[in-house]
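Chain A is the first sequence line, chain B the second, and so forth, proteins listed ahead of strands; every chain is numbered from 1.
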There are 2 protein chains.
Amino acid sequence: MADQHELRDKGLRLTPQRELVLSAVRSLGHATPEEVAAKVRETHPGINLSTVYRNLETLENVGLVLHTHLGHGGATYHAAEELTHLHLVCGVCGSAADAPIDVAAQFVNALADEFGFKTDVTHFAVYGTCAACTTPED
Amino acid sequence: MADQHELRDKGLRLTPQRELVLSAVRSLGHATPEEVAAKVRETHPGINLSTVYRNLETLENVGLVLHTHLGHGGATYHAAEELTHLHLVCGVCGSAADAPIDVAAQFVNALADEFGFKTDVTHFAVYGTCAACTTPED
DNA sequence: TAACTCCTGCGAACTACTCGCAATTAGGTA
DNA sequence: TACCTAATTGCGAGTAGTTCGCAGGAGTTA
């Protein structure tokens, strides 16, 4: 549990709320601010939603967490070290599968070469139809 | 102006509001519901925002318009026949550039081959940093 | 024209998020 | 250890964007 160092190293104060938010994000994998708040409230019932939002923002600023848009409008937060995959969101069944970032390597390179655009493929989900929903089965 | 046929063919009633919403989407290229409302109000000032939202949803259900997520949370609407490009959204300056869908062809194929995932690259923006913001200039 | 529905306008409600302020608390210092 | 200062928290209000219910009005068919 080197959280204390991580947070202090980034120039942040070490508050119970902040630690709880960070560990909630880590344990949840991906989670909306509300889900993070719910998780944190299991051990710290009084925590305020504003505090969760502010800590997510703060933790994102120092690079410990990141957010991704999975479509519904709300952001989904991840621990920074876990964000090594891209998200395949199915428009039919709503599932979100993971795929390794390498499948996008050519795409990222093409965008870089042709447009000078440096792509972060993990930030937005990739939308489409998953295998299960594409294959008509009865 | 075959709008009447289009709408009627889809089983929709032909109301001035509905026609105006559709033509606003077509003339604007990409637009948020609020921008569509503003456009429509140029010729039909009394139109209600709810009506715009409902018509966008209705038109989307019958396939005449589509929406894309450009990131800020709000959806952006397009005429269905215009959606032949993907969007490169810059996280630094916030600009949204267009790119032909072919640059994503390999990526789409890889996803299809490896995961059976049928990708709609136009639905979500592609996030990253544009050339202007990548190149440090003074 | 009459009747039947769909559609519209309106206002309230809702969701997701942000902000200001006063009280609290972490971290550094003496 | 006691104290000081600034960061942080909780709370409530505020905001933006979107949805919903309802009653009146309009498009469509016979």
Side-chain angles (χ1 to χ4, degrees), chain A residues 3-25 30-41 43-62 64-65 67-77, chain B residues 1 3-25 28 30-41 43-62 64-77 94:
Chain A
D3 282 8
Q4 307 191 350
H5 289 243
E6 295 175 81
L7 293 171
R8 298 294 304 284
D9 285 354
K10 304 290 187 176
L12 300 178
R13 284 199 184 166
L14 191 62
T15 66
Q17 293 90 337
R18 189 161 285 168
E19 286 184 280
L20 286 164
V21 167
L22 179 55
S23 73
V25 170
H30 17 85
T32 62
E34 224 176 298
E35 290 166 341
V36 171
K39 178 77 177 175
V40 171
R41 282 176 178 145
T43 54
H44 189 117
I47 199 171
N48 195 277
L49 237 197
S50 303
T51 301
V52 173
Y53 276 102
R54 282 186 287 224
N55 275 325
L56 287 171
E57 188 186 343
T58 302
L59 292 171
E60 183 157 29
N61 285 338
V62 299
L64 289 173
V65 308
H67 76 270
T68 298
H69 295 279
L70 254 41
H72 34 293
T76 302
Y77 285 83
Chain B
M1 217 190 275
D3 283 8
Q4 308 192 350
H5 289 244
E6 294 175 82
L7 294 170
R8 297 294 305 283
D9 284 353
K10 304 290 187 176
L12 300 178
R13 286 199 183 164
L14 191 62
T15 66
Q17 293 89 337
R18 189 160 284 167
E19 287 184 279
L20 285 164
V21 167
L22 178 55
S23 74
V25 170
L28 289 170
H30 16 85
T32 62
E34 224 176 298
E35 289 166 342
V36 171
K39 178 75 178 176
V40 171
R41 282 176 178 146
T43 54
H44 189 117
I47 199 171
N48 195 277
L49 238 197
S50 304
T51 301
V52 172
Y53 276 101
R54 282 187 286 223
N55 275 324
L56 286 171
E57 189 186 342
T58 303
L59 292 171
E60 183 156 30
N61 285 338
V62 299
L64 289 172
V65 307
L66 293 170
H67 77 270
T68 298
H69 295 280
L70 255 40
H72 34 292
T76 301
Y77 286 83

Okay, side chain of B:K39, backbone of B:A24: is any donor-acceptor separation there less than 3.5 Å? no
Nearest whole Å is fine: how far is C:dA16 P from A:E35 CD? 11 Å
For A:L12 and C:dG28, give me the distance from atom CG to atom P, rounded to whole Å. 13 Å
Reckon B:R8 has a side-chain N or O less than 4.0 Å from the OP1 or OP2 of D:dT28? yes
From CG of B:L14 across to P of C:dC7 the rounded distance in Å is 11 Å
A:L7 CG to D:dT8 C1': how many Å, rounded? 13 Å
Does any part of the side chain of A:Q17, heavy atoms only, come nearer than 4.5 Å to the side chain of A:V40, both counted from C-beta? no
B:E57 side chain to B:R54 backbone, donor-acceptor under 3.5 Å: no
Between B:R8 (side chain) and B:L14 (backbone), is there a donor-acceptor pair under 3.5 Å? no
Below the 4.0 Å mark, does D:dG10 have OP1 or OP2 next to a side-chain nitrogen or oxygen of A:Q17? yes
Note: B:Y77 and B:V65 closest approach over all heavy atoms is CD2-CG2, 4.0 Å
In short, A:R13 meets A:R18 closest at the heavy-atom pair O-NH1, 3.1 Å
What is the distance, to the nearest angstrom, from the CG atom on B:L59 to the P atom on C:dC7? 10 Å
B:L49 to B:P33 - nearest heavy-atom pair and separation: CD2-O, 4.3 Å
Provide, to the nearest angstrom, the distance between the CG atom belonging to A:L56 and the C1' atom belonging to C:dT18. 14 Å
Listing time: all N or O pairs from protein to nucleotides 17-23 of chain D that are below 3.5 Å?
{"from": "D:dG17", "atom 1": "OP2", "to": "B:E34", "atom 2": "OE1", "distance (Å)": "3.1"}
{"from": "D:dT18", "atom 1": "OP2", "to": "B:Y53", "atom 2": "OH", "distance (Å)": "2.3"}
{"from": "D:dT18", "atom 1": "O5'", "to": "B:Y53", "atom 2": "OH", "distance (Å)": "3.1"}
{"from": "D:dC20", "atom 1": "N4", "to": "B:S50", "atom 2": "OG", "distance (Å)": "2.9"}
{"from": "D:dG21", "atom 1": "O6", "to": "B:R54", "atom 2": "NH1", "distance (Å)": "3.2"}

By nearest atom, which of the nucleotides C:dC6, C:dA26, C:dG9 is closest to the B:T51 side chain? C:dG9
Among C:dA26, C:dG28, C:dT5, find the nucleotide with the atom closest to the side chain of B:R13. C:dT5
May I have the distance from B:L20 (atom CG) to C:dT8 (atom C1'), rounded to whole angstrom? 13 Å
Rounded to whole Å, how long is the line connecting atom NE2 of A:H44 with atom P of C:dT24? 15 Å
